[in-house]
Structures are given as structure tokens and as C-alpha cells.
Amino acid sequence: GERHGFAAPINPEGELSYTFPRMKRSIKTIMANSEKLATMEEEHDNIAYGFIPDYFMTESYYPQSEKMKEIIRNLEANRSSTTWNIISKLMILLNYRFGAIDIQNKPINHGEVKVLVVASARYMSKENQEKLVDFTSNSGNLLISGEIPIYDMEGNPCTILADALGVKVLDTLYNKHKFFMSIYPVDKSIGAEIRSYYAQTFELINAEPLYRVKFNDAVCGFMSEINKGKAVVFASELNANFKLIQSTLEKLGAKRSIYHTNKYHGLFITTTKNNDNERYIHILNLDGFDKELQIYENEKALFSGKTLNIQSKDALMLPVNIRFADVLINYATAEIINKTDNSIEFRLTQEEDILSITTNKEIIQSDDYNIIKRDNEYIITSNKNAKIDDNLIIRFK
């Protein structure tokens, strides 16, 4: 029809919707920090997601080929299930900062990546299978979700990866009439029996079982070694098992540098950085309730160990080591929303915000905040509650 999206900031009658103030605030914040953000890239832990473009290029194929139809059906079945995305979602909510590697078209940099997470199907090119074996043989570790390939992308038998993993693929089982399949972990401490609509089963030649199919105890998940590296394979549907994925990644050597103390997982945290070591801590509370937390990086508490309250459905971009001329913001629990030669304006986010600023200038006293000076460092504590008044201007002379 003639009406546009329900979340549009301005409706067809010209009225401002509930999304307008937050969009305005977000744009103002980004513009105030734009010269810094433009020079930054996301920081990553020693883990990456292995991307295979062939798995998503299935719109056009020769319709008279039964072999190609079967390849497309398998790719679509794997792609549409949670098997391929559940691990990446859990990694995000566990605060692993990871990028993606096009393993089909680019080499895998062994020096930067310790753990590679790969969504796999029954079909994978010979070259990609060889790349994964080479990566693991040279001290890299793999976490594979989905089927282990037994064919190349033209449907020819190709078991390079399976052979290196020390397994033989037996079959792929599916739910059907009067057959409701379940799988269970060999180690009961990492989870309980769960339903799964499919399970690829294996004969283990040189591997350790991790998951089995309930009705016949066939192995559908395992750990194995390839020369200097390790691989964990989950060849069935998984649920949102945080404990399983975190313990698996830790066993494989994945190190998450940043994490929080709140018991709920609906928090997304990442960091961006430029060549001058200026950074922002990005925090997004995905849930509909406020959360208290402390943030740690490399076992060290950030923001002087202050407990933060992240409001529901809110996002923060907090400065760390950000310099404007001769003013260095060491850290702040408030967002930068404007700056001039003699002032910096912040959006407060807490009941009591804390800011650390190093400068040769003098910070002008105000009833809005208290100051403790240590040499050239000013520790500023806001006297405003952000829920009542979230604007704070620090002036210099």
C-alpha cells in the first residue's frame, strides 16, 4: 500500500514515531565520533568463521541433472536449518569477536587464526577439503557443524576431510513417520538428550565420540586429531547450549578477550580500534530488561571496575583512549555526542557516570560533577542521574 514501515521514524502524516528520538541520538553520536570511527576496524579474537560461497550460489543450475538437483537439495536443507547458524549466534552472545574467512577463494592465515568454525554440507570441493586438512595439520583447530562431505561440488566421491579426521561416513538419518529422533551427549555434564531432525552417523577409525543417536547409539558427533591440530564435529541439530559451545571452543584454544559478569546472555559486546590505539567499547542489550554487569578484558576490569547498568534494548559506544587535540579521554561510561575547542559534551548512561581525562588544560568546576585530580589526570564523577538528565558538558580553559 501507500503506507511505509511501522518502525519508520516519521509516519505518513508527518508525526514523529517512538523510533525517532533514538535514531536522532544514534546519528548525533556517530557524527560526533565519525573521524575516529572512520579509521577503525573491529578487533578479533583468535577465531574466525569459514565461509564457502559455493554453498550460497544455488539459484541457477542445470534442471535436467538429477545429480545437481540432489546437491541443491542438500545445500538448501543444511542452509535452512539452525545447524549452520546456531554456533555463530552462540559465539556472538558469548562475546567472541570473530571475523569471516572466504576459505574458497583466499588462503587461511595460520598466524592470525587458531580456531576456524565451518558450516559444512555433504558436498565440498576437493580444494576446500584440502585447505581444511592443511589448516588443521599445521596446528589449527576446527569446529565443524553440519555434514562431513563425502562428495565434491560436482557429485564425485571425495572423502579427503573424512579420511583425515579418522572417520567413515555411514549414513544420514532423518525424522520420518513414527520415528522421532533424539541425540544425546556422551558426557552428560554438557547437556541432556535433545531432539534432532537429522544426524549423520560415523564409524570411528581414529576419533572420540561426543554425541550419539538415541535409538541405536550411532555416533553423530566426535573429536579427532589431524597431525598437530584438533577437530570437533557436530553432525546433527544442536540447541542453544552455551556450556557446550564455550567448553568446546576453549578445548580448541579459542580465547575470548572480553566478557561480562551478567548471568544472562542477551548482551553483544565488541570493540573497534585504529592505528593510534584509540578504541570504542560497543555494548548492545538485546533483552527487554536492564542488566547490571562489569566488563573485563584480558582478566582486567574496564572502567575502573565500575558496575554498569545497561538499559533494556539500549546500545552504548563508550570511548577508550580517544584523543581530541590535547585532551585524552582515557575512558568514560558516557558517550561523546559533541565537541568544540573548549568543551566535550557527553550523553550520560548511568546513575553515576565516571570519566577519566588526561589534559594539560584546566577543567572548569561545575555543580554537575565532582573532580579528583592526579597529576594531569582528572577523575570526573557525574552528579546527574542519566534517567533524569543525561546531558553533561565538560569545559576546559
Side-chain angles (χ1 to χ4, degrees), residues 45 47 49-50 77-96 98 114-121 141-148 165-167 169-176 179-204 206-225 229-256 259-269 286-287 291:
D45 296 317
I47 183 171
Y49 200 87
N78 278 284
R79 200 168 60 207
S80 63
S81 73
T82 59
T83 306
W84 274 17
N85 60 36
I86 190 67
I87 293 178
S88 59
K89 288 180 178 179
L90 294 180
M91 286 162 57
I92 289 172
L93 294 176
L94 286 166
N95 303 133
Y96 285 98
F98 62 95
K114 176 67 176 177
V115 180
L116 191 62
V117 179
V118 179
S120 177
N141 293 329
L142 281 177
L143 175 53
I144 298 177
S145 62
E147 293 179 272
I148 293 297
L165 290 171
V167 300
V169 176
L170 299 177
D171 195 5
T172 299
L173 307 175
Y174 295 95
N175 272 331
K176 57 186 178 181
F179 176 61
F180 305 99
M181 185 163 53
S182 294
I183 62 173
Y184 68 93
V186 175
D187 179 2
K188 298 297 191 298
S189 69
I190 60 174
E193 175 186 333
I194 59 172
R195 288 288 306 280
S196 179
Y197 86 92
Y198 88 100
Q200 188 183 40
T201 59
F202 306 92
E203 175 188 338
L204 301 186
N206 187 22
E208 173 189 346
L210 297 178
Y211 265 85
R212 293 183 182 272
V213 179
K214 181 65 176 177
F215 85 100
N216 64 358
D217 290 332
V219 175
C220 59
F222 62 88
M223 174 183 282
S224 66
E225 296 184 2
K230 297 178 181 178
V232 170
V233 175
F234 296 123
S236 58
E237 194 81 353
L238 291 176
N239 61 355
N241 189 332
F242 287 93
K243 184 177 181 180
L244 170 65
I245 298 306
Q246 185 172 351
S247 64
T248 300
L249 290 173
E250 288 174 352
K251 287 178 183 177
L252 293 175
K255 184 180 185 300
R256 58 171 189 169
Y259 60 93
H260 62 82
T261 57
N262 192 276
K263 67 179 181 178
Y264 296 106
H265 290 287
L267 284 160
F268 170 71
I269 303 177
L286 300 169
D287 285 320
K291 294 174 183 169

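With sequence neighbours left out, D187 forms a salt bridge (Lys or Arg N to Asp or Glu O under 4.0 Å) with no residue at all. In this structure Q200 satisfies the side-chain hydrogen bond (donor to acceptor under 3.5 Å, both in side chains) test with no other residue, sequence neighbours excluded. Not counting sequence neighbours, the partners of L170 by the side-chain contact (heavy atoms from CB on, under 4.5 Å) test are T201, E203. Considering only residues two or more places apart in sequence or on other chains, Y49 meets the ring pair (Phe, Tyr, Trp, His ring centres under 6.0 Å) condition with none of them. Contacts of R195 classified as side-chain contact (heavy atoms from CB on, under 4.5 Å), with partners at least two apart in sequence or in another chain: N175, F180, S182. In this structure, the side-chain contact (heavy atoms from CB on, under 4.5 Å) partners of T83, at least two apart in sequence or on a different chain, are S81, S145, Y198, E237. Here Y96 pairs with nothing under the ring pair (Phe, Tyr, Trp, His ring centres under 6.0 Å) rule; sequence neighbours left out. Residues that satisfy the salt bridge (Lys or Arg N to Asp or Glu O under 4.0 Å) test with K291, not counting sequence neighbours, are D287. Every residue two or more places apart in sequence or in another chain that forms a side-chain contact (heavy atoms from CB on, under 4.5 Å) with A231 is listed here: L142, L165, S224. Among residues two or more places apart in sequence or in another chain, the ring pair (Phe, Tyr, Trp, His ring centres under 6.0 Å) test is passed with Y264 by F289. Listed by chain and residue number, H265 satisfy the ring pair (Phe, Tyr, Trp, His ring centres under 6.0 Å) test with F242 (two or more places apart in sequence, or in another chain).
Counting only residues at least two apart or on different chains, the salt bridge (charged side-chain N to carboxylate O under 4.0 Å, His left out) pairs with a member in residues 211-223 are E193-K214.
N85 contributes atom CG, which lies 11.0 Å from atom CG of L238 (distance to the nearest 0.5 angstrom). One distance of note links CG of L143 with CD1 of I87; it measures 4.0 Å at 0.5 Å rounding. The CG atom of D171 lies 11.0 Å from the CZ atom of F202; values are rounded to the nearest 0.5 Å. One finds the CG atom of L90 at 5.5 Å from the CD1 atom of I245 (value rounded to the nearest 0.5 Å). To the nearest 0.5 Å, atom CG of residue L249 and atom CZ of residue F98 are 10.0 Å apart. Put simply, CD on E147 and OG1 on T172 are 4.0 Å apart, with the number rounded to the nearest 0.5 Å.
K243 places a side-chain N or O within 3.5 Å of a backbone atom of S189 that can act as its donor or acceptor partner. When atom types are taken as modelled, the side chain of N95 and the backbone of R256 share no donor-acceptor pair closer than 3.5 angstrom.
Residue N206 places its CG atom among 12 or fewer non-hydrogen atoms of other residues, nucleotides or ligands, all under 6.0 Å distant. Under a cut-off of 6.0 angstrom, the local environment of NZ in K255 is crowded, with over 12 non-hydrogen atoms contributed by other residues, nucleotides or ligands.
Across all their heavy atoms, P185 and G191 have their closest contact at CG-O, 3.3 Å. In this structure, V115 and A254 approach most closely via the heavy-atom pair CG2-N, 3.6 Å. Among all heavy-atom pairs drawn from I183 and S196, the shortest one is CG2-CB, 4.1 Å. In terms of heavy-atom proximity, A121 sits nearest to N78 at CB-ND2, 3.8 Å.
For the side-chain contact (heavy atoms from CB on, under 4.5 Å) with F234, the lone residue among N241, I144, L244, I86 that qualifies is L244.
Between V232 and K251, every side-chain heavy-atom pair lies at or beyond the 4.5 Å cut-off. In this structure, the side chains of F222 and P209 stay at 4.5 Å or more apart for every pair of heavy atoms. Looking at heavy atoms from C-beta onward, L286 lies in side-chain contact with L93 at the 4.5 angstrom threshold.
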